[in-house]
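Structure below; questions to follow.
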Amino acid sequence: MNQPISNQLKNLISHQSISMHVPGHKNMTIGLLKNLDFKMDMTEISGLDDLHHPEEIILDSMAQFNKHQDYNAYLLINGTTSGILSVIQALAHQSGEYLIPRNVHKSVFHGLELAHQKAKFTKMKVSSTSHHYLSPQLQDLDLNNQKLAIMTYPNYYGETYDIQSDIELLHSKHIPVLIDEAHGAHFDLKGFPTSSLNYGADYVVQSYHKTLPALTMGSILYIHKDAPHKEEIKQYLSYFQTSSPSYLVMASLEMAHTFYEEYQSDIFFEKRKLLLSSLENKGFIVNDVDDPLKMLITYPGYSGYDIQNWFEKEHIYVELADDYQVLFVLPLWHQGDEYPFNILLEKINSMLLPDIKQVSHFYPELMTECGEFVPIFYNDVKWIDINDSLEYRLARHIIPYPPGVPILFKGEKITENMIKLMNQYQQSNMKVEGIKDNQILIKDE
């Protein structure tokens, strides 16, 4: 049998590709995962406990994830998505509706659709740095009929905001809060932003695998000891996670948390400074964001896709590219790591780049006003060319991936601005879920 996945992975390894993307172990060069042994891939035999009914070693392990004394930790081996789905489903039978910003991950919409639940969109603030959604605007909102608020912190680009005030406001209205802190598992380390665990959020889910050295799909759901619906959530965790949980992933979570507890960030900031200098010496502009683990890199007159191609010619792979920039997710460099840092600098220093150009950027107008998400299931749908779709209703979300945040929603009536935005995505060769061969799925009127 031909093995296209294995072959391509081996190809990347053979070219000694350099990771500026997730997962946080950076091709096994960061952290403690060298201690993993494939022989650890076992099942729930005697002595190995049961993730879905932990009483022994797994229960003991979860107690070690003690980032904050007010929270209990639950291992997720189906990623942060499984935690988000479980919390949404656990509150589905309560009265009221969900409150969400427009930059929630697609898993939130999947959860709402599975539970047949409506949600109210908050107003949104757009970042002048990343040009993407930054924070919800809760002022002047009617907050009398919400059963759960779901917030993204930080955003995909490493930008934070005053989430403490939002949590306090929502709690004053007796609204529990779920924080999707997928990209903040390293928060509270010295020199990095503060985790929302410090602000009393009811539920906080962190993707350890994204920024800490854990295997992909390894995440943690933190539930506040005073949070409502704890037992219902634990029940749904069993529904949304495999009945054959990976002991390799669970063991990697333990190793990642040990790494977190022992981490000293001095080397990280020393190497970050050297990398920043190399990039700026080549003419790149690095835009600072709140999380120093993220770098937003631009080059005047060129798109993020151009920059991505330049790096990939050197076998340096970025987390994402968009019209304006590329995103680096840096390693948590440490004493004795095996990350090819000097090779990275050499490759950057030897890059041949075009002359800087003075051109103006077009920034698509993102939707920022309040609205409502209603789960819709169309029986009759059809594919249609984007340019012929004006006034039709979308039958599938339009989701640039990464980051996996829907920009246009199923059920929305298509406008000229939406068509312009979708065409721009196509022209830039951006990966977009919901667009295929310049066609989109619409409700068949």
Worksheet item: What about the rings of His68 and Tyr222, do their centers lie closer together than 6.0 Å?
Response: no
Given the rule in the side chain to side chain contact (heavy atoms under 4.5 Å, CB included) test, do Met295 and Leu275 qualify, once you have shown the distances and angles that lead to the verdict?
CA-CA 10 Å; Met295 277 187 172; Leu275 174 59; 4.0 Å; yes
**Main-chain N/O of Leu169 paired with Ser172 side-chain donor or acceptor, under 3.5 Å** = yes
**Asked** Would one find more than 12 heavy atoms of other residues, nucleotides or ligands at under 6.0 Å from atom CG of Asp355?
**Response** no
d(Leu212 CG, Thr258 OG1) to nearest 0.5 Å is 11.0 Å
Taking the six-membered ring of Phe341 (Phe, Tyr or Trp), confirm whether the NZ or CZ of Lys271 is under 6.0 Å from its centre and within 45° of its axis. yes
For this session: Run the ring-centre check on His334 versus Phe259 and record whether the distance is less than 6.0 Å.
Result: yes
For Phe268 and Pro292 the tightest heavy-atom approach is CZ-O, 3.5 Å
- prompt: Any sub-3.5 Å donor-acceptor pair from Asn349's side-chain atoms to Leu345's backbone N or O?
  reply: yes
Taking the side chain from Asn27 and the backbone from Thr29, do they hold a donor-acceptor pair closer than 3.5 Å?
-> no
Taking every heavy atom of Val326 against every heavy atom of Ala321, the minimum-distance pair comes out as CG1-CB, 4.0 Å
Between His132 and Tyr157, ring centroids under 6.0 Å: yes
Checklist entry - Would one find more than 12 heavy atoms of other residues, nucleotides or ligands at under 6.0 Å from atom CG of Leu352? => result no
Gln137 versus Thr122: any side-chain heavy-atom pair under 4.5 Å?
no
message = Taking the side chain as everything from C-beta on, heavy atoms only, tell me whether Val108 gets closer than 4.5 Å to Leu178.
response = no
Is the backbone N or O of Ser82 less than 3.5 Å from a side-chain atom of Ser86, with the two atoms forming a donor-acceptor pair by type?
yes
Please assess Tyr236 against Glu232 for the test side-chain hydrogen bond (donor to acceptor under 3.5 Å, both in side chains), listing each intermediate value before the final yes or no. CA-CA 6 Å; Tyr236 281 111; Glu232 294 97 321; over 6 Å; no
**Asked** Checking side chain to side chain contact (heavy atoms under 4.5 Å, CB included) for the pair Leu296/Thr298: CA distance, chi angles, key distance, verdict?
**Response** CA-CA 7 Å; Leu296 276 60; Thr298 64; 6.0 Å; no
**Prompt:** If you count the non-hydrogen atoms of other residues, nucleotides and ligands that lie under 6.0 Å from NE2 in His174, is the total more than 12?
**Reply:** no
d(Leu76 CG, Met217 CE) to nearest 0.5 Å is 11.5 Å
| Does one side chain, of His186 or Asp291, offer a donor that lies under 3.5 Å from an acceptor on the other? | yes
Would Glu231 and Gln235 count as a side-chain hydrogen bond (donor to acceptor under 3.5 Å, both in side chains) here? Give the steps.
CA-CA 6 Å; Glu231 293 305 316; Gln235 177 183 357; over 6 Å; no
Side chain Lys230, main chain Lys225, donor-acceptor under 3.5 Å | yes
For Gln117 and Ala92 the tightest heavy-atom approach is NE2-O, 3.4 Å
Review point. Do Asp306 and Ser303 pass the side-chain hydrogen bond (donor to acceptor under 3.5 Å, both in side chains) test, and can you show the C-alpha distance, the side-chain angles, and the key distance before you say yes or no?
Key: CA-CA 5 Å; Asp306 295 321; Ser303 73; 3.3 Å; yes
| said: I'd like to know if the side chain of Ser277 and the backbone of Lys273 have a donor-acceptor N/O pair within less than 3.5 Å. | reply: no
If we only count heavy atoms from C-beta on, is the Tyr156 to Asn103 side-chain gap below 4.5 Å?
no
For Leu91 and Tyr203 the tightest heavy-atom approach is CD1-OH, 4.3 Å
Closest non-hydrogen atoms of Thr129 and Gln325, given as atom of the first, atom of the second and distance, are O-OE1, 4.0 Å
Review point. Parallel, tilted or perpendicular: which fits the ring planes of His21 and Tyr317, with parallel below 30° and perpendicular above 60°?
Key: perpendicular
Between the CG atom in Leu51 and the CE atom in Met250, the distance rounded to the nearest 0.5 Å is 5.5 Å
Using a 4.5 Å cut-off on heavy atoms from C-beta on, say whether the side chain of Lys120 contacts that of Asn145.
-> no
### Query
Does NZ belonging to Lys173 count more than 12 external heavy atoms closer than 6.0 Å?
no
Open item on the list: Could you check whether any side-chain heavy atom of Thr81 comes within less than 4.5 Å of a side-chain heavy atom of His110, counting everything from C-beta outward?
Closed with: no
Shortest non-hydrogen pair, Leu114 vs Leu85, comes out as CD1-CD2, 4.4 Å
Test side-chain hydrogen bond (donor to acceptor under 3.5 Å, both in side chains), reference Lys67, set Gln206, His257, Glu261, output is Gln206
Under 3.5 Å: donor-acceptor pair, side chain of Tyr161, backbone of Tyr153: no
Value for OG (Ser246) from CG (Leu215), rounded to nearest 0.5 Å, stands at 7.0 Å
Rounded to the nearest 0.5 angstrom, the CG-CD1 distance for Leu75 and Ile220 is 4.5 Å
Report task. Assign the ring pair Phe269 / Phe192 to parallel, tilted or perpendicular, where the plane angle (0 to 90°) is split at 30° and 60°. Result -> tilted
message = Ring centroids only, cut at 6.0 angstrom: are Tyr299 and Phe284 within range, meaning strictly under it?
response = yes
Would you check if Ile150 and Leu99 make a side-chain contact, meaning some heavy-atom pair closer than 4.5 Å? no
inquiry  = Aromatic contact between Tyr263 and Tyr260, with the criterion being ring centroids under 6.0 Å apart: yes or no?
reply    = no
Gln241 side chain to Ile77 main-chain N or O, any donor-acceptor pair under 3.5 Å? yes
### Message
Under a 3.5 Å distance rule, please check whether His15 uses its side chain to pair with a backbone N or O of Ser17 as donor and acceptor.
### Response
no
Is the count of non-hydrogen atoms from other residues, nucleotides or ligands lying under 6.0 Å from Gln8 atom CD greater than 12?
yes
Heavy-atom side-chain proximity of Tyr71 to Ile223 below 4.5 angstrom: no
**Lys347, NZ: over 12 other non-hydrogen atoms inside 6.0 angstrom** = yes
Q) Would a 4.5 Å heavy-atom cut-off, applied to side chains only, mark His209 and Ser219 as touching? A) yes
Rounded to the nearest 0.5 angstrom, the OG-CD distance for Ser195 and Glu181 is 3.5 Å
Handout entry: side chain to side chain contact (heavy atoms under 4.5 Å, CB included) evaluation trace for Val177 with His171
Key = CA-CA 8 Å; Val177 183; His171 279 174; 4.0 Å; yes
Open item on the list: Please check if the number of heavy atoms outside Asp140 that lie under 6.0 Å from its CG is greater than 12.
Closed with: no
Look at the rings of Phe409 and Phe109 and say which category their plane angle falls in: under 30° parallel, 30 to 60° tilted, over 60° perpendicular. tilted
field: Whether Asp180 side chain and Ile84 backbone form a donor-acceptor pair below 3.5 Å
entry: no
- Query: For Met351 and Lys282, what are the C-alpha separation, side-chain angles and deciding distance, and is it a side chain to side chain contact (heavy atoms under 4.5 Å, CB included)?
  - Reply: CA-CA 8 Å; Met351 291 174 73; Lys282 295 300 291 187; 4.3 Å; yes
